Amino acid sequence: MSIRRALLSASLAAAAATFSLAASADGIAAKTTRIPAEARANLQAQIEAARASDPAAFAAVASVRMHRPEVYKHFRNPIPTAVSRELRGLGAPALMPMLQALAFDAPERGSLTDAEWDALAAGMLEATGTLRDTRSAPVLHVVFESDGLRAPVVGAAARALGRLGGDPELALLTRHTGAGDARRMAAIEGLGQLRRIEAAQHLAGLLQGSNDEATAAAISDALGKLGSSWAWKALGAGAAARGLATREVCARALVGGLVRNQGAARTAARDGLILVEHPSSGAMLQSARGTASADAVKAIDEVAPRLAQAQKPRR
């Protein structure tokens, strides 16, 4: 064997060993082997191709600072919450570096506390979700169902799944909204990001059957976000028109929640109605007023003028 061939063989062996180590490593929020084999191989290939074409993006993601105490402790509110904003500023090229860190090759943790480590994972999940790139789906699904993660990370994964908004994400989130499910509250929050009528209908059914104030408040909050008039308008005129039916489902459910519930759940229903500001909300409130209890009538009379004000044309 020539020296050149021997060197080439050694290089290939080293590369194979490196790839094997990367493939068997785990990410910040998921074990690599939990990702289905075909999806895992595809993602690994895409990550390596992205690294070869844009190494600066990987360096930028590796250099995020907002979760590090030497940075965030100088904030007016010294908690590590700005990671998502920092990563969103990197744009679409950050997707593959973030997926690598989340599920394939976690960076060194060093002395980071649980809160700081979670801030990094949650920030990456939030930034990934805002890209709405279906290539992130295998990682997001696995992270959401991974054991041992703390609430901020699970919640961020749920919201990212909601922003993807496909049939698999709808099925996954609805599956975890049953009473007693450890991921229930996160799944409800995720459905609030999933702008489809099926998500609104599912949340409406949950609110109708909820007797727990905290859960009813969370469902009402999700309905408000799902039906938010501003969020639908941001998707464009066509989407805003198509979203009217979805917003109607949200508004009708929230009127029912306002009448039936009290305390934090009623407050969340009121705030949700103002966010949704569906054209029929006023009529729904007046219809409900006729059979409502005295305290519910008072709540209706308080929210109706605010809703009318919110619905006035903006100059």
Side-chain angles (χ1 to χ4, degrees), residues 25-36 39-40 43 47 61 64 66-67 80-88 90 92 94-107 109 112 114-178 180-196 199 202-203 206 215 218-219 221-222 225-226:
D26 291 326
I28 300 171
K31 291 185 178 299
T32 306
T33 53
R34 288 284 307 277
I35 301 172
R40 184 168 70 241
L43 274 173
I47 287 168
V61 170
V64 294
M66 293 299 184
H67 65 298
T81 58
V83 183
S84 175
R85 184 170 68 245
E86 184 181 6
L87 288 165
R88 289 198 307 270
L90 300 178
L95 177 65
M96 288 300 157
M98 290 192 295
L99 295 181
Q100 179 198 31
L102 285 167
F104 291 93
D105 190 11
R109 175 167 176 169
L112 294 178
D114 285 348
E116 291 158 358
W117 191 242
D118 286 351
L120 179 60
M124 286 187 175
L125 290 163
E126 293 280 5
T128 296
T130 61
L131 294 173
R132 291 180 167 85
D133 191 314
T134 56
R135 292 176 295 176
S136 66
V139 170
L140 296 178
H141 281 246
V142 167
V143 173
F144 180 67
E145 293 199 303
S146 290
D147 295 326
L149 298 176
R150 286 172 286 272
V153 180
V154 179
R159 292 189 294 275
L161 286 166
R163 290 183 181 111
L164 279 186
D167 288 343
E169 290 74 46
L170 176 66
L172 176 63
L173 292 170
T174 54
R175 188 168 71 244
H176 282 285
T177 56
D181 193 299
R183 295 172 176 80
R184 187 185 198 198
M185 298 300 268
I188 288 169
E189 189 177 7
L191 286 172
Q193 299 293 328
L194 206 157
R195 303 202 188 285
R196 289 174 53 172
H202 186 76
L203 288 170
L206 289 177
T215 304
I219 298 167
D221 183 69
K225 289 175 179 173
L226 195 163

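These numbers were taken from a predicted model, which means no experiment stands behind them.
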Closest heavy-atom contact between Thr32 and Gly27?
OG1-N, 4.4 Å
Interatomic distance, CG@Asp118 vs CZ@Arg150, rounded to 0.5 Å, equals 4.0 Å
Do Leu120 and Glu116 come within less than 4.5 Å of each other through their side chains, counting heavy atoms only?
no
Nearest 0.5 angstrom please: Leu173 CG to Glu189 CD, how far?
10.5 Å
Interatomic spacing from CG in Leu87 to OG1 in Thr128 - rounded to 0.5 Å:
8.0 Å
Do Glu126 side-chain atoms and Gly123 backbone N/O form a donor-acceptor pair below 3.5 Å?
no
Below 4.5 Å, heavy atoms only, C-beta onward: do Arg184 and Thr215 meet side chain to side chain?
yes
Identify the heavy atoms of Val64 and Glu86 that sit nearest to each other, and give their distance.
CA-OE2, 3.2 Å
Checking Arg34 against Asp147 for the salt bridge (Lys or Arg N to Asp or Glu O under 4.0 Å) test, could you report, in this order, the C-alpha distance in whole Å, the side-chain angles of both residues, the deciding distance, and whether it holds?
CA-CA 11 Å; Arg34 288 284 307 277; Asp147 295 326; 5.6 Å; no
Heavy-atom distance under 4.5 Å between the side chains of Leu112 and Pro80, does that happen here?
no
Met96 vs Arg135 side-chain heavy atoms within contact, under 4.5 Å
yes
Between atom CG of Leu90 and atom CE of Met98, what is the distance when rounded to the nearest 0.5 Å?
7.5 Å
Of all heavy-atom pairs between Met124 and Ile28, which one has the smallest distance, and what is that distance?
SD-CD1, 4.0 Å
Reference residue Glu145; test salt bridge (charged side-chain N to carboxylate O under 4.0 Å, His left out); the match among Lys31, Arg183, Arg175:
Arg175
With a 4.5 Å limit on heavy-atom distance, are the side chains of Pro138 and Leu43 in contact?
yes
All heavy atoms of Leu125 vs all of Val153, minimum pair found to be CD1-O, 3.5 Å
Hey, what do you get for CG (Leu102) to CG (Asp26), rounding to the nearest 0.5 Å?
12.5 Å
Is the side chain of Glu169 donor-acceptor paired with the backbone N or O of Leu164 at a distance under 3.5 Å, no angle test?
no
Are Asp133 and Arg163 within salt-bridge range, i.e. N to O under 4.0 Å?
no
Heavy atoms only: give me the nearest Trp117-Pro107 pair and the separation to one decimal.
CH2-O, 3.4 Å
Considering only heavy atoms from C-beta outward, does the side chain of Asp167 approach that of Arg196 to under 4.5 Å?
yes
If I compare all heavy atoms of Gly129 with all of Ala160, which pair ends up nearest, and what's the gap?
CA-CB, 3.7 Å
So how far is it from His176 NE2 to Leu161 CG, rounded to the nearest 0.5 Å?
9.5 Å
Under 6.0 Å from the CZ atom of Arg85, do we count more than 12 heavy atoms belonging to anything else shown?
no
